[in-house]
**Q** 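Have a look at the structure that comes next, please.
By convention here, the first residue in the shown sequence is residue 1.
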Amino acid sequence: MAKRKSDDAPGDLQEMERTETLNKAPDAPSLDVNSLLGETMVERMDRPAMTPPNDATIEAEDVGATAWHNGKKITATWCNASNRNAYAAVQGIGWRRLSNANDSSFLALTMLAAHAEQTNATVNVEIGSDNEIHQIYAW
């Protein structure tokens, strides 16, 4: 037969408070996280905020043309917890977003960029008119 909870039994919140009180040393300081945070706002970044170390970048003008950049290095990579949001810093060009047209191509570009950065490989990258990396060849 299933156990039935009586009306005078402590609720979950009361039980949690009782357990915390029993487990806490009498002279232990308490910490109220909500009062510490107050009005603090966490800003979410959608792109890298820092420049890669020792990378003189050229700010590309938005010319609307697709171009290949040969003999470059991937000097840094960046991503955050957003869906399909990763960037690669291309030597002499700066941060460029990896194309997020679909999951499989985005994963392939991310893996290639990370591999090229880790191994210091020479790459050829195609940067489209949308200023995103669409293809990477790594050697």
**Q** Please report the C-alpha distance between Lys72 and His69 in whole Å, then the side-chain angles of each, then the deciding distance to 0.1 Å, and finally whether the side chain to side chain contact (heavy atoms under 4.5 Å, CB included) criterion is met.
**A** CA-CA 7 Å; Lys72 301 293 184 181; His69 300 274; 4.1 Å; yes
**Q** Does the plane of the ring in Trp95 sit parallel, tilted or perpendicular to the ring in Tyr87? Use 30° and 60° as the thresholds.
**A**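 Because their plane-to-plane angle is over 60°, the rings of Trp95 and Tyr87 count as perpendicular.
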**Q** Would you sort out whether Glu132 and Leu98 count as a side chain to side chain contact (heavy atoms under 4.5 Å, CB included), showing the intermediate values?
**A** CA-CA 6 Å; Glu132 293 182 350; Leu98 300 178; over 6 Å; no
**Q** Can you list every salt bridge (Lys or Arg N to Asp or Glu O under 4.0 Å) pair that touches residues 120-129, not counting sequence neighbours?
**A**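 Residue pairs passing salt bridge (Lys or Arg N to Asp or Glu O under 4.0 Å), neighbours aside: none found.
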**Q** Yes or no on side chain to side chain contact (heavy atoms under 4.5 Å, CB included) for Trp78 and Asn85, after CA distance, side-chain angles and deciding distance?
**A** CA-CA 9 Å; Trp78 181 91; Asn85 189 32; 3.9 Å; yes
**Q** Asn124: which residues meet the side chain to side chain donor-acceptor pair (under 3.5 Å) condition with it, sequence neighbours left out?
**A**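 Residues passing side chain to side chain donor-acceptor pair (under 3.5 Å) with Asn124: Asn70.
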**Q** State yes or no: do Trp68 and Trp139 share one hydrophobic cluster built from I, L, V, M, F, W and Y residues joined by side-chain heavy-atom distances below 4.5 Å, directly or via other members?
**A**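 As far as the 4.5 Å side-chain criterion goes, Trp139 and Trp68 are connected within one cluster.
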**Q** Could you check if a side-chain atom of Thr122 sits within less than 4.5 angstrom of a side-chain atom of Lys73, using non-hydrogen atoms only?
**A**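 Of all side-chain heavy-atom pairs linking Lys73 with Thr122, at least one is under 4.5 Å.
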**Q** Could you list the donor-acceptor pairs under 3.5 angstrom formed between side-chain atoms of residues 101-112 and any protein atom two or more places apart in sequence or on another chain?
**A**
from: Asn102; atom 1: OD1; to: Ser104; atom 2: N; distance (Å): 3.2
from: Asn102; atom 1: OD1; to: Ser104; atom 2: OG; distance (Å): 3.1
from: Asn102; atom 1: OD1; to: Ser105; atom 2: N; distance (Å): 2.8
from: Asn102; atom 1: OD1; to: Ser105; atom 2: OG; distance (Å): 3.0
from: Asp103; atom 1: OD1; to: Arg84; atom 2: NE; distance (Å): 2.7
from: Asp103; atom 1: OD1; to: Arg84; atom 2: NH2; distance (Å): 3.0
from: Ser105; atom 1: OG; to: Asn102; atom 2: O; distance (Å): 3.3
from: Thr110; atom 1: OG1; to: Phe106; atom 2: O; distance (Å): 2.8

**Q** Report the C-alpha separation of Ile127 and Thr66 in whole Å, then their side-chain angles, then the decisive distance to 0.1 Å, and conclude whether the side chain to side chain contact (heavy atoms under 4.5 Å, CB included) test is met.
**A** CA-CA 6 Å; Ile127 298 178; Thr66 299; over 6 Å; no
**Q** Between NE2 of His134 and CD1 of Ile136, what distance do you get to the nearest 0.5 Å?
**A**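 With rounding to 0.5 Å, NE2 (His134) is 11.5 Å from CD1 (Ile136).
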**Q** Go through it in stages, so that I can follow the logic: the residues are Thr75 and Gln91, the test is side chain to side chain donor-acceptor pair (under 3.5 Å), and I'd like the CA-CA distance, side-chain angles, deciding distance and then a yes or no.
**A** CA-CA 6 Å; Thr75 57; Gln91 177 187 33; over 6 Å; no
**Q** What's the spacing between Asn131 CG and Ser99 OG if we round to 0.5 Å?
**A**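 Taking CG in Asn131 and OG in Ser99, the distance rounds to 12.0 Å.
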